[in-house]
Amino acid sequence: MSIDPAIAADPVQHAPVRVPEHLGVIMDGNGRWAIARGKRRTEGHIEGVKALRNLVELCINYGVKHLTVFSFSSENWTRPREEVAFIFNLLRRFVASDLQRLIRNNVKVRIIGTREGLEPSLVRVIDDVEAKTAGNTGLVLVVAFNYGAKAEIAEATRRIAREVAAGRLSADDICEATIDAALYTAGLPDPDLIIRTSGEQRISNFLLWQAAYAEFVFVDEHWPDFDESSFVRVLETFSRRDRRFGGIGTAQK
Ligand code: FPP
């Protein structure tokens with residue numbers, strides 16, 4: 001994790017803002033955005049994809065290196081079947097419509113979560129987008145899909161236990177790095193900043209282990225309304241945070 005994230009010039013206001021190395025986003029409020037406009041919830045998800053596309057560009061322009069977005073949680077299976085199917089199709093459509101643009105923009109895509117319960121054809125889409133962007137060296141776009149942090153930690157624990165049972169690892173050698181390496185996010189820095197839209201102030205099973213020292217910024221806009229000015233306001237808030245990581249902070253030294 002970087003404790004000294006880059007300072008970038010904000011292209012809109014030319015004010016220096018601190019840019020997280022790894023940004024996490026809980027894209028909440030698509031349904032409410034749509035209902036408030038007399039539309040179907042699914043139309044909110046379509047607008048949500050546009051906001052995601054815009055955020056990817058913002059991250060590239062501002063120098064964010066890793067972006068993790070929560071797009072379908074293990075708990076979202078409790079939604080009406082048609083809405084679940086719609087979100088699954090959205091992932092297919094996003095890949096179909098945006099793959100070439102992602103490749104052109106040097107974006108590397110990683111999809112984290114369990115493949116269990118996904119149709120084989122969707123798993124192929126996921127494998128394909130990961131393979132076709134694997135060599136890219138720019139922004140790493142991590143899509144948390146069919147993801148739940150508790151399930152991720154349980155899976156990591158099973159993986160580590162198997163290593164111990166096979167005699168390849170001693171229980172006494174298990175440390176934080178062992179767990180980091182067994183999570184879906186292995187190799188990624190921890191998120192510096194997590195944004196949640198739509199006024200809710202909770203983490204909802206997103207990156208529980210990795211968010212140990214993340215700053216949280218909650219904004220009232222619904223996800224489809226999250227634009228560049230929202231992004232800049234969040235970066236300004238983040239820039240004012242005194243990140244102490246359990247220490248006493250620079251102001252008191
Ligand atoms: C939250 O709104 C959003 C979701 C559950 C995920 C929908 C997906 C996207 C925004 C786009 C990206 C998707 C892919 C597959 C790339 P909500 O339905 O929880 O809104 P509500 O809280 O107002 O009901």
Side-chain angles (χ1 to χ4, degrees), residues 23-60 66-103 105 107-115 117-119 121-130 132-133 139-149 151 184 194-207 218-227 230-231:
L23 170 65
V25 182
I26 302 176
M27 310 179 289
D28 197 9
N30 293 345
R32 277 165 284 172
W33 180 93
I35 299 301
R37 285 160 182 76
K39 298 173 189 279
R40 290 191 305 268
R41 290 177 53 82
T42 48
E43 293 183 61
H45 295 317
I46 292 173
E47 289 304 310
V49 172
K50 292 184 191 163
L52 173 60
R53 193 173 286 132
N54 188 42
L55 178 66
V56 168
E57 275 186 22
L58 289 170
C59 286
I60 293 170
H66 305 88
L67 167 66
T68 301
V69 293
F70 205 178
S71 90
F72 187 82
S73 85
S74 344
E75 289 72 37
N76 287 154
W77 284 101
T78 56
R79 293 183 176 211
R81 206 145 48 107
E82 308 73 55
E83 184 169 338
V84 172
F86 190 87
I87 296 174
F88 279 31
N89 267 328
L90 218 52
L91 180 61
R92 291 178 205 272
R93 278 159 56 182
F94 176 70
V95 171
S97 60
D98 285 58
L99 180 60
Q100 289 314 317
R101 188 200 319 254
L102 293 166
I103 292 174
N105 287 331
V107 176
K108 177 176 181 156
V109 180
R110 208 158 133 178
I111 303 204
I112 61 167
T114 175
R115 307 293 200 243
L118 303 184
E119 282 177 17
S121 63
L122 185 58
V123 174
R124 279 197 296 278
V125 167
I126 290 173
D127 289 344
D128 192 51
V129 67
E130 288 188 334
K132 288 194 169 128
T133 61
L139 174 73
V140 178
L141 169 62
V142 184
V143 180
F145 192 88
N146 204 18
Y147 172 87
Y184 297 136
I194 293 181
I195 303 172
R196 182 171 187 149
T197 56
S198 217
E200 311 290 355
Q201 303 197 357
R202 54 178 172 265
I203 191 165
S204 298
N205 208 12
F206 183 56
L207 303 180
F218 301 102
V219 299
D220 287 333
E221 296 101 298
H222 296 313
W223 174 247
D225 288 331
F226 191 87
D227 60 10
S230 330
F231 181 75

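Position 1 is the first residue of the sequence; numbering continues from there. Atoms within each ligand, like the ligands themselves, are counted from 1 in listed order. Predicted model, so just to flag it, every value in this text is computed and none were measured.
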Novice: Parallel, tilted or perpendicular: which one describes the rings of Trp77 and Phe72, with boundaries at 30° and 60°?
Specialist: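 Perpendicular: the ring planes of Trp77 and Phe72 meet at over 60°.
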
Novice: Please say which of Leu52, Val49, Val95 ends up in a side-chain contact (heavy atoms from CB on, under 4.5 Å) with Leu90.
Specialist: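 Exactly one pass, corresponding to Val49.
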
Novice: So, applying salt bridge (charged side-chain N to carboxylate O under 4.0 Å, His left out) with Asp98, which one of Arg93, Arg53, Arg92 is it?
Specialist: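 Single pass found, and it is Arg53.
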
Novice: Yes or no on side chain to side chain contact (heavy atoms under 4.5 Å, CB included) for Phe145 and Ile87, after CA distance, side-chain angles and deciding distance?
Specialist: CA-CA 10 Å; Phe145 192 88; Ile87 296 174; 4.3 Å; yes

Novice: Starting from the N and O atoms of ligand 1, find every protein N or O within less than 3.5 Å and list the pair with its distance.
Specialist:
| residue | atom | partner | partner atom | Å |
| --- | --- | --- | --- | --- |
| ligand 1 | 2 (O) | Gly29 | N | 3.4 |
| ligand 1 | 2 (O) | Asn30 | N | 3.1 |
| ligand 1 | 18 (O) | Arg41 | NH2 | 3.0 |
| ligand 1 | 18 (O) | Arg79 | NH1 | 2.7 |
| ligand 1 | 19 (O) | Asp28 | OD1 | 3.3 |
| ligand 1 | 19 (O) | Arg79 | NH2 | 2.8 |
| ligand 1 | 20 (O) | Gly29 | N | 3.3 |
| ligand 1 | 20 (O) | Asn30 | N | 3.1 |
| ligand 1 | 20 (O) | Gly31 | N | 3.0 |
| ligand 1 | 22 (O) | Asp28 | OD1 | 2.9 |
| ligand 1 | 22 (O) | Arg32 | NE | 3.4 |
| ligand 1 | 22 (O) | Arg32 | NH2 | 2.8 |
| ligand 1 | 23 (O) | Gly31 | N | 3.4 |
| ligand 1 | 23 (O) | Arg32 | N | 2.7 |
| ligand 1 | 23 (O) | Arg32 | NE | 2.8 |
| ligand 1 | 24 (O) | Arg41 | NH1 | 2.9 |
| ligand 1 | 24 (O) | Arg41 | NH2 | 3.1 |

Novice: With no hydrogens and no angle check, is any side-chain donor or acceptor of Asn76 less than 3.5 Å from a backbone partner on Ser73?
Specialist: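 Confirmed, Asn76 side chain pairs with Ser73 backbone.
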
Novice: Is it true that a side-chain atom of Asn146 and a backbone atom of Thr114 form a donor plus acceptor pair closer than 3.5 Å?
Specialist: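 Yes, because the side chain of Asn146 sits within donor-acceptor range (under 3.5 Å) of the backbone of Thr114.
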
